[in-house]
Undergrad: 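I'd like to ask some things about the structure below.
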Number of protein chains: 2
Amino acid sequence: MQSLLEAQKKLLPDLLEVMQKRYQILHSISLMAPIGRRALAASLGMSERVLRSETEFLKGQNLLSTDVSGMRLTEEGQALLHTLNDLMREALGLKELETALKQRLNVARVVVVAGDSDRSPWVKKELGRACVACMKEQLRPGDIVAVAGGTTMAAVAEMMTPDPKLADVLFVPARGGLGEDVENQANTICAKMAEKATGRYRLLHVPDQLSGEAYASLIEEPAVKEVLELIQSCRMVVHGIGEAVTMAKRRKTPPVEMEKIIARHAVAEAFGYYFNEHGDVVHKVKTVGIQLENLPHVEHVIAVAGGASKAKAIQAYIKRAPHSLLVTDEGAAKALVGD
Amino acid sequence: MQSLLEAQKKLLPDLLEVMQKRYQILHSISLMAPIGRRALAASLGMSERVLRSETEFLKGQNLLSTDVSGMRLTEEGQALLHTLNDLMREALGLKELETALKQRLNVARVVVVAGDSDRSPWVKKELGRACVACMKEQLRPGDIVAVAGGTTMAAVAEMMTPDPKLADVLFVPARGGLGEDVENQANTICAKMAEKATGRYRLLHVPDQLSGEAYASLIEEPAVKEVLELIQSCRMVVHGIGEAVTMAKRRKTPPVEMEKIIARHAVAEAFGYYFNEHGDVVHKVKTVGIQLENLPHVEHVIAVAGGASKAKAIQAYIKRAPHSLLVTDEGAAKALVGD
DNA sequence: ATCATAGGGACATTATACGTCCCGGTATGA
DNA sequence: TCATACCGGGACGTATAATGTCCCTATGAT
């Protein structure tokens with residue numbers, strides 16, 4: 001199979017391009033269905049007319065159907081997408097990117113999905129889908145999964161689906177509040193992910209701001225303490241990676257801390273920790289749950305982040321977590337191997 | 001891999017066509033290099049302009065190079081062609097056809113080449129090439145090969161090339177004259193094949209029409225007798241298969257015999273024998289050389305025939321020669337497994 | 001010297017792809 | 001209930017690419 005694609009690349013690169021284009025269209029439709037021509041064309045960055053030609057063709061091939069609400073894949077289309085998944089990843093050079101990144105970042109494993117989250121919003125969904133696939137690959141029934149917050153993690157939760165391998169898996173938030181809006185909080189995402197997986201979940205009900213005494217007494221509360229112990233015994237942590245300043249702003253970080261973050265040249269953020277470009281911790285939000293020191297003792301750590309704009313953040317953070325599995329996208333990956 | 005190709009064909013229905021076209025071009029160039037556009041276009045049966053577009057493309061891919069003497073493959077092109085050889089056979093389903101035909105016809109071995117001799121003239125060359133490859137596979141230095149006549153056998157002779165395995169091989173005509181034009185006579189083809197292989201040959205100089213006494217005295221001629229003994233001791237017979245009526249007409253068969261052939265529903269012809277659809281001999285041209293009864297005692301028998309129009313003839317004849325190796329083409333093979 | 005054959009340039013003629021504009025139908029929400 | 005936004009699809013003139021046709025010069029064999 002490998003030689004088939006290699007041979008085809010040499011013999012008919014022009015046709016392979018067309019193939020990739022059509023695959024991408026099917027792929028996008030499967031993620032955004034039902035969707036109309038114009039919206040899809042804008043999303044894929046191609047002219048409406050060429051998209052129309054292609055969708056008419058694909059319709060003729062019985063790969064997608066149209067109705068008044070828009071286009072969606074037929075069963076045949078879904079099946080095709082599935083069989084071509086691996087081939088297209090190779091055709092797009094994603095596998096090459098994965099091995100290149102793995103060496104470059106010195107990280108345990110890398111998964112790269114097509115596209116750039118910065119430019120195409122649906123790529124985040126694809127990141128989510130890939131992350132979910134990785135989770136299912138590594139989880140066993142009865143495991144505990146600690147889930148962090150952020151927009152990317154929200155996409156992961158959104159793409160979660162039930163699976164026999166996830167039977168009896170317990171989802172918990174990785175850490176307490178970090179100042180996020182409710183839709184990006186670990187609690188919310190944890191609950192959503194569990195619901196989508198038809199799994200169980202436990203939440204951490206703690207306020208964002210914690211004085212020293214309140215902290216001490218809160219973690220002794222039975223309801224909190226039990227969850228914290230569950231978190232400590234988790235077999236997997238899944239979290240996003242953000243740009244330090246962007247994250248700090250989104251979380252309405254107090255000016256004094258903000259200055260600290262900027263002064264110490266923080267570039268990356270993950271579950272409340274801020275890192276400079278060397279991967280040193282320059283600031284941390286004090287809260288309960290998983291701490292950076294705990295990570296090496298967790299069996300599976302999955303970091304999810306995409307978009308060329310996050311390349312520097314990924315590079316910085318991953319130095320601290322070499323045994324992670326990194327799920328990223330083409331945009332970030334190319335930026336990372338490029339310089 | 002078959003499922004991958006099926007999937008690709010869904011997205012790109014004419015993928016295989018283009019692939020085959022370019023493969024054919026590379027293939028032909030490798031055989032005829034150095035060769036010019038016009039000659040190649042004529043040989044492939046495509047217009048000069050489209051061939052030009054394709055070769056310009058292939059040149060851009062660094063698969064072939066041009067100079068004043070014509071086009072030839074680059075090393076990269078050679079390598080690609082080599083990997084494509086097997087790939088194309090599988091992609092076109094030829095391997096499947098071979099196993100299907102082998103079962104269906106109950107014959108020792110089947111080789112199927114791409115295309116249909118009836119529709120594309122170059123396919124006969126391919127048949128020839130495949131046949132030559134089979135011959136080289138089975139012959140040992142010093143062997144004697146008996147060669148029959150016909151247009152297909154002429155193509156085999158045309159495609160013969162020297163080879164260490166053919167060292168000291170002696171080529172002889174399988175039978176005496178059958179009424180063919182000179183270019184299709186066993187003698188001519190035998191000589192040509194030997195020349196192409198830089199091997200030795202002996203011919204049978206006997207007239208087509210033979211009365212009883214002449215026959216008896218001729219086979220006692222030392223020059224003739226010696227060749228006849230060589231023929232009897234051959235280790236390989238290579239022959240074509242024809243449609244009975246077509247062959248009879250081409251050989252200007254006397255009306256009385258013609259009627260006999262038609263009346264007895266002959267459908268197949270091979271080295272002067274005519275068979276009905278059950279494989280029974282309904283007529284034979286009386287001449288010297290290999291007889292049908294000798295065939296089972298010959299170690300290697302190769303029958304070469306292609307084109308959908310010859311399907312019935314192949315099916316009928318092969319019943320009489322189950323231990324043959326059949327070299328045929330896609331057109332005939334599909335017709336044979338189809339009904 | 002001649003002739004056949006080589007690759008490549010030039011250009012008119014298609015066939016195809018594409019941009020653009022429009023229409024009627026159907027959800028959705030004010 | 002009506003305005004609105006989005007849906008697929010028809011229509012048509014215009015780019016763009018593929019192809020047929022003809023010609024040129026260089027080179028090697030005879």
Side-chain angles (χ1 to χ4, degrees), chain A residues 11-74 76-77 120-122, chain B residues 11-74 76-77 120-122 125 158:
Chain A
L11 198 61
L12 17 95
D14 47 348
L15 292 192
L16 277 192
E17 267 178 49
V18 178
M19 193 165 133
Q20 284 170 18
K21 181 168 71 177
R22 291 181 179 163
Y23 177 83
Q24 194 180 5
I25 291 171
L26 286 180
H27 186 84
S28 298
I29 291 178
S30 97
L31 290 176
M32 305 166 81
I35 188 172
R37 273 208 318 265
R38 287 163 257 260
L40 184 58
S43 162
L44 288 172
M46 58 177 77
S47 94
E48 186 194 328
R49 196 58 181 79
V50 302
L51 180 75
R52 184 172 171 181
S53 300
E54 295 299 341
T55 54
E56 273 166 2
F57 167 83
L58 293 170
K59 194 176 170 183
Q61 294 293 106
N62 193 31
L63 296 172
L64 60 85
S65 62
T66 60
D67 58 36
V68 290
S69 64
M71 301 175 285
R72 66 189 76 222
L73 295 194
T74 61
E76 206 176 341
S120 322
W122 49 271
Chain B
L11 282 187
L12 251 30
D14 49 2
L15 175 108
L16 271 189
E17 276 174 50
V18 179
M19 207 165 143
Q20 197 179 354
K21 180 167 71 177
R22 291 181 184 167
Y23 171 77
Q24 278 289 348
I25 293 172
L26 288 180
H27 183 80
S28 299
I29 292 178
S30 97
L31 289 178
M32 306 163 85
I35 188 174
R37 274 204 319 264
R38 286 162 258 258
L40 184 58
S43 161
L44 289 173
M46 60 175 80
S47 96
E48 184 195 328
R49 197 58 180 77
V50 302
L51 178 76
R52 185 171 169 180
S53 298
E54 295 297 340
T55 53
E56 273 167 1
F57 169 83
L58 293 170
K59 193 174 168 184
Q61 292 296 113
N62 193 31
L63 296 173
L64 60 86
S65 61
T66 61
D67 57 36
V68 289
S69 64
M71 300 176 285
R72 66 190 77 221
L73 296 192
T74 61
E76 210 174 341
S120 321
W122 78 78
K125 291 187 188 174
E158 196 64 48

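Chain identifiers are assigned alphabetically (A, B, ...) following the order of the sequence lines, protein sequences preceding nucleic acid strands; residue numbering begins at 1 within each chain. The shown structure was predicted, so the numbers you read here are calculated from the model rather than taken from an experiment.
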Undergrad: Give a yes/no answer on whether the side chain of B:S47 brings an N or O atom under 4.0 Å of OP1 or OP2 in D:dG20.
TA: yes
Undergrad: Go through the N and O atoms of the side chain of B:R52 and the base of D:dG20, and report whether any donor-acceptor pair is under 3.5 Å.
TA: no
Undergrad: With DNA chain D as reference, determine whether A:M71 or B:S53 sits nearer its 5' end, using the nearest nucleotide of each.
TA: A:M71
Undergrad: Give a yes or no on whether the backbone of B:Q24 and the side-chain of B:S28 come within a donor-acceptor separation of less than 3.5 Å.
TA: yes
Undergrad: Identify, residue by residue, the members of residues 56-64 of chain B with a heavy atom below 4.0 Å from DNA chain D, and return them in order of residue number, or none.
TA: none
Undergrad: At under 4.0 Å between heavy atoms, how does the protein contact nucleotides 22-30 of chain C? Give one character per nucleotide, 5' to 3', with B, S or -.
TA: B---S----
Undergrad: Give a yes/no answer on whether the side chain of B:T66 brings an N or O atom under 4.0 Å of OP1 or OP2 in C:dG7.
TA: no
Undergrad: For A:L51 and D:dC7, what is the distance between atoms CG and P respectively, to the nearest whole Å?
TA: 11 Å
Undergrad: Give the C-alpha distance, both sets of side-chain angles, the deciding distance and a yes or no for salt bridge (Lys or Arg N to Asp or Glu O under 4.0 Å) between B:R52 and B:E56.
TA: CA-CA 6 Å; B:R52 185 171 169 180; B:E56 273 167 1; 3.5 Å; yes
Undergrad: Take B:L58 and B:I29 through the side-chain contact (heavy atoms from CB on, under 4.5 Å) test and state the conclusion after the steps.
TA: CA-CA 12 Å; B:L58 293 170; B:I29 292 178; 5.8 Å; no
Undergrad: On DNA chain C, compare the nucleotides closest to B:L40 and B:R49; which residue's is nearer the 5' end?
TA: B:L40
Undergrad: A:Q61 versus B:L11: any side-chain heavy-atom pair under 4.5 Å?
TA: no
Undergrad: Given atom CG of B:D14 and atom C1' of D:dA18, what is their separation to the nearest angstrom?
TA: 14 Å
Undergrad: Nearest 0.5 angstrom please: A:L26 CG to A:T74 OG1, how far?
TA: 8.5 Å
Undergrad: Write down the atom of B:S69, the atom of B:D67, and the distance for their closest heavy-atom approach.
TA: OG-OD1, 2.6 Å
Undergrad: State whether the side chain of B:T55 and the backbone N or O of B:L51 hold a donor-acceptor pair below 3.5 Å, judged by distance alone.
TA: yes
Undergrad: Round to the nearest Å and state the distance from A:E54 atom CD to D:dG8 atom P.
TA: 16 Å
Undergrad: Apply the test side-chain contact (heavy atoms from CB on, under 4.5 Å) to residues A:W122 and A:L44: give CA-CA distance (whole Å), side-chain angles for both, the deciding distance (0.1 Å), then the verdict.
TA: CA-CA 10 Å; A:W122 49 271; A:L44 288 172; 3.8 Å; yes
Undergrad: Distance check needed: C:dA17 P versus A:M46 CE, whole Å only.
TA: 15 Å
Undergrad: Return the NE2 to CE distance between A:H27 and A:M32, rounded to the nearest 0.5 Å.
TA: 10.5 Å
